[in-house]
Amino acid sequence: MQRPGTDDNNVQMSDILCDFCGKEWTLERPMVEGHRGACICGECLTLAYTAVVIDGSATAPAGFMCELCRENRPDAGWKSPATGIAACFRCIKQSAGVLQKDAESGWKKPAAKK
Ligand SMILES: [Zn+2]
Ligand SMILES: [Zn+2]
């Protein structure tokens, strides 16, 4: 999301906030934009990907609304412990793919535990 009051003609990195933890976009904290301006940062994506994709432990209740695609989803999702906002399995996988492809982000999908 954009920080409330952001000048649309002069948007800075620090005006972009993760919808899931509220932190700013920085060089150390890469960000992926979903639909309609919703954003998820690398830290949240790591938590979400680990919970939903690797551990299979969804934390969002059935029928939750995914903040990234704005759809009510019947599938597994991740609910941010910081804000209570949720992301769906599909968006988490998609965002992880986007962020990993972006070499500058330095972000990698969390590896499965052995
Ligand atoms: Zn975040
Ligand atoms: Zn979604």
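Quick note: residue numbers are just sequence positions, from 1. Atoms considered below: every heavy atom in the structure, side chains included; atoms not considered: hydrogens, waters and symmetry mates.
When all heavy atoms of E24 and M31 are compared, the closest pair comes out as C-CE, 3.8 Å. Nearest heavy atoms, N72 versus P74: O-CD, 3.9 Å. Closest non-hydrogen pair, L99 versus P30, comes out as CD1-CB, 3.7 Å. Across all their heavy atoms, C88 and C66 have their closest contact at N-SG, 3.3 Å. Taking both residues in full, the closest heavy atoms of V32 and S95 are given as CG2-O, 3.8 Å, listed atom of the first, atom of the second, then distance.
Residues passing the side-chain contact (heavy atoms from CB on, under 4.5 Å) test with E43 are K23, R29, C41, sequence neighbours excluded. Every side-chain contact (heavy atoms from CB on, under 4.5 Å) that T59 has, sequence neighbours left out, goes to W78, K79.
Hydrophobic clustering, with ILVMFWY side chains joined whenever heavy atoms are under 4.5 angstrom apart, keeps M1 apart from M65. Cluster membership check: V98 does not share its hydrophobic cluster with I16, using side-chain heavy-atom separations under 4.5 Å among Ile, Leu, Val, Met, Phe, Trp and Tyr. Cluster annotation: L47 is connected to I54 through the hydrophobic network of ILVMFWY side chains, with a link wherever side-chain heavy atoms come within less than 4.5 Å.
One finds the CG atom of D15 at 6.0 Å from the CZ atom of R3 (value rounded to the nearest 0.5 Å). Atoms CG and CD1, on L68 and I92 in that order, are 8.0 Å from each other to the nearest 0.5 Å. To the nearest 0.5 angstrom, L45 atom CG is 9.0 Å from F20 atom CZ. Here the CD-CG distance, from Q2 to D8, works out to 5.5 Å after rounding to the nearest 0.5 Å. If you take CH2 on W107 and OG1 on T46, they are separated by 5.0 Å, rounding to the nearest 0.5 Å. Put simply, CH2 on W25 and CD on E33 are 8.5 Å apart, with the number rounded to the nearest 0.5 Å.
The closest side-chain heavy-atom distance from T83 to C21 is not below 4.5 Å. Looking at I85 and F64, their side chains never come closer than 4.5 Å, going by heavy atoms from C-beta outward. Using a 4.5 Å cut-off on side-chain heavy atoms (C-beta onward), L27 and M13 make contact.
Between the E67 side chain and the A87 main chain, no donor and acceptor come within less than 3.5 Å of each other. Checking side-chain atoms of D102 against main-chain N and O of E104 turns up a donor-acceptor pair under 3.5 Å. Proximity of a side-chain donor or acceptor of D19 to a complementary backbone N or O of C39 within less than 3.5 Å is detected.
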